[in-house]
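Chain letters run A, B, ... following the sequence lines, proteins first, then strands; residues in each count from 1. From a predicted model like this one, the values you see are computed outputs, not experimental measurements.
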Amino acid sequence: MKYIVENNQILDDIFNKALSGPILFKNKSLLFPQYTPENILFRNEQIIRLGYLCSSLLKGQKSSNLFIYGKPGTGKTAVTKLVLSKLKEKGKEVNSDLYISNINCRSAGTEYRVTAALARDINIDIPFTGLASKEVFTRFEKKLLKDKIPFLIVLDEIDALISRYGDDLLYGLTRINEKDPEIQLMIIGISNDVRFKEYMDPRVLSSLGEEEMIFKPYTPKELENILYDRIKSAFIPNSISSATVSLCAAISGSEHGDARKALDLLRVAGETAEREGRTQVLTQDIKNSQGLIDQNRIVEIIRSLPAHSKMVLTSILKHPPTTSRLKTMHIYALYTQYADEYLGWHLTARRFSSLVHELSILGLIDRKIENFGRKGGRVTTILLESPEKNIRKVLCEEEIFEDIFNI
DNA sequence: TTTCCACCGGAAAATGAGGTCC
DNA sequence: GGACCTCATTTTCCGGTGGAAA
């Protein structure tokens, strides 16, 4: 009971402080990646070219397909979103029928879901499962051939679709265009990875890559200007010094000119300053926010892991301390013991090996294949990448893992 | 040079839960 | 109601791997 009173008191204090304390942000939402600015700096050339290509659809004419690529945070999605919204507006203004579909292939997940989303965007009712992919595509194609309304399809993170499912869907889409001269179907593929083109059929590639657009990383100077532009509307005046902005731009510029990262750093630094009751963001806040972003990312990753992956991590932490790297066979022995006792069953060694692989991709562990010759064979060894204390703290949010650590 | 260890990891199949269609 | 579908997860199978030992 005492704890409930204490918790309520703490939360009450936090909320009161937030309401009565100094305000640093004017409009924090402008610093989130979801926000698309009306005026995208240093991307005029791309906006003009994309706008020009899309304008053919307004006139009911065929347009070239386009392939856009560039590193994350270089403005690909923002520019596309801006041009699409203006195109939609203009279409309404001049009473021009136009279908527009903007799908993130990674979020959609599967080929079926991408096809279903396309079909839904031209008003076909598609169940989330139960139909064959081919059937969904056939319905989509029929409707498109019947309506003969220009259709602009944007497939963001197209590499996620191609690498997993091949280019059948893209081939099908480019074929529709060739089937009927009255069909105006424009496809824009967006990717972070230019190498994905290697997996594509040359016929699809020649059709999709009629036009190409490259988004170069922002330079530190450009990043600075972008930050100043956003600070004007997101923060109260005089809250951020030029040294703070330069540091933020330099950190983001040193990676790959990622504007998203620069805005993230600024937002987290601002939140820290506001929490401490300050109306000034300091250079130290920017330095601290870098570590804070990484830490938060790790916490979120661990929280979202399935139970068996958490059990693998727990087994790594429970292994007696050694000076050398841990061998997966020893961790598997511990894992089977804990999983049987606390989850009721354990996964096979093959599946366990995949979970270890996934944990290394997520950056939680460092995985290395070592060879110990005829005596020891080929073995995967692992090492924790993040501080043990942090991982343990997140795992202990769940009772069963806390119990294991308390043994 | 060959053998062998102790796995790795790709591919295919199985499973079970969601669904549609006729 | 049975045939057939997707999808995520897991299992099964089996060839591949690289370096120490024979």
Side-chain angles (χ1 to χ4, degrees), chain A residues 103-143 155 157 159-173 195-196 198-199 301-316 319 322 324-383:
Chain A
I103 299 164
N104 183 296
C105 300
R106 194 179 298 280
S107 309
T110 65
E111 194 179 56
Y112 177 89
R113 287 183 195 154
V114 172
T115 319
L118 288 175
R120 286 188 197 109
D121 283 338
I122 57 169
N123 309 319
I124 308 172
D125 198 20
I126 299 289
F128 75 89
T129 181
L131 290 182
S133 294
K134 279 215 170 77
E135 171 61 24
V136 178
F137 189 83
T138 306
R139 291 183 193 186
F140 166 76
E141 189 180 13
K142 257 188 197 164
K143 177 89 165 38
L155 298 172
E157 300 202 59
D159 46 311
L161 181 78
I162 306 285
S163 59
R164 208 163 151 203
Y165 296 93
D167 54 9
D168 287 355
L169 176 61
L170 282 180
Y171 181 66
L173 290 172
R195 288 169 306 166
F196 93 93
E198 292 164 15
Y199 311 118
I301 287 173
I302 297 175
R303 279 190 188 142
S304 64
L305 287 176
H308 283 277
S309 296
K310 284 181 183 161
M311 195 56 89
V312 174
L313 266 184
T314 306
S315 308
I316 295 169
H319 190 280
T322 67
S324 55
R325 298 170 66 89
L326 305 176
K327 290 182 178 172
T328 47
M329 61 185 112
H330 296 146
I331 303 299
Y332 184 63
L334 271 178
Y335 157 79
T336 51
Q337 186 191 323
Y338 291 131
D340 284 342
E341 196 174 336
Y342 290 89
L343 301 174
W345 58 291
H346 67 264
L347 299 170
T348 57
R350 174 69 187 87
R351 181 67 190 132
F352 172 83
S353 154
S354 298
L355 293 186
V356 169
H357 197 144
E358 282 164 23
L359 291 177
S360 79
I361 288 170
L362 291 170
L364 294 172
I365 59 172
D366 174 56
R367 175 175 162 277
K368 201 162 102 184
I369 295 170
E370 289 187 85
N371 218 303
F372 296 91
R374 197 168 174 165
K375 240 181 178 176
R378 202 163 169 250
V379 173
T380 301
T381 62
I382 50 177
L383 206 63

Non-hydrogen side-chain atoms of A/Val356 and A/Ile331 separated by less than 4.5 Å: no
Positional range of nucleotides in DNA chain C within the contact set of chain A, heavy-atom, under 4.0 Å: C/dC5 to C/dA22
Presence of salt bridge, A/Glu141 and A/Lys134, under 4.0 angstrom: no
Nucleotide nearest A/Arg367 (side chain, heavy atoms from C-beta), chosen from B/dC21, B/dG9, B/dC8: B/dG9
Nearest-Å distance for atom pair OH/P, residues A/Tyr332 and B/dC8: 11 Å
Parallel, tilted or perpendicular, as decided by the 30° and 60° cut-offs, for the rings of A/Tyr332 and A/His346: perpendicular
Heavy-atom check, side chain of A/Phe140 versus side chain of A/Ile126, under 4.5 Å: no
Residues A/Arg325 and A/Thr381: side-chain donor-acceptor under 3.5 angstrom: yes
Beyond-backbone contact of A/Leu305 with A/Leu364, side-chain heavy atoms, under 4.5 angstrom: yes
Sugar-phosphate only, base, or nothing, as touched by A/Thr380 at under 4.0 Å among non-hydrogen atoms: sugar-phosphate
Atom-pair distance (CD on A/Glu135; C1' on B/dC22), nearest Å: 12 Å
Length of the line joining A/Glu358:CD and B/dG10:P, which is rounded to integer Å: 12 Å
For atom CG of A/Asn371 and atom C1' of B/dC5, their distance in whole Å: 9 Å
d(CG, A/Leu355; C1', B/dC8) in whole Å: 15 Å
Residues from residues 111-124 of chain A lying under 4.0 Å of DNA chain C - heavy atoms: A/Tyr112, A/Arg113
Minimum-distance nucleotide (side-chain atoms of A/Ile369 versus B/dC8, B/dG19, B/dG10): B/dC8
Phosphate-side-chain proximity, A/Thr328 and B/dA6, N/O vs OP1/OP2 below 4.0 Å: no
Spacing between A/Lys368 atom NZ and B/dC8 atom P, to the nearest angstrom: 15 Å
OP1 or OP2 of B/dT20 under 4.0 Å from side-chain N/O of A/Arg139: no
Spacing of A/Arg351 atom CZ relative to B/dA11 atom P, expressed in whole Å: 16 Å
Length of the line joining A/Leu347:CG and B/dT15:C1', which is rounded to integer Å: 14 Å
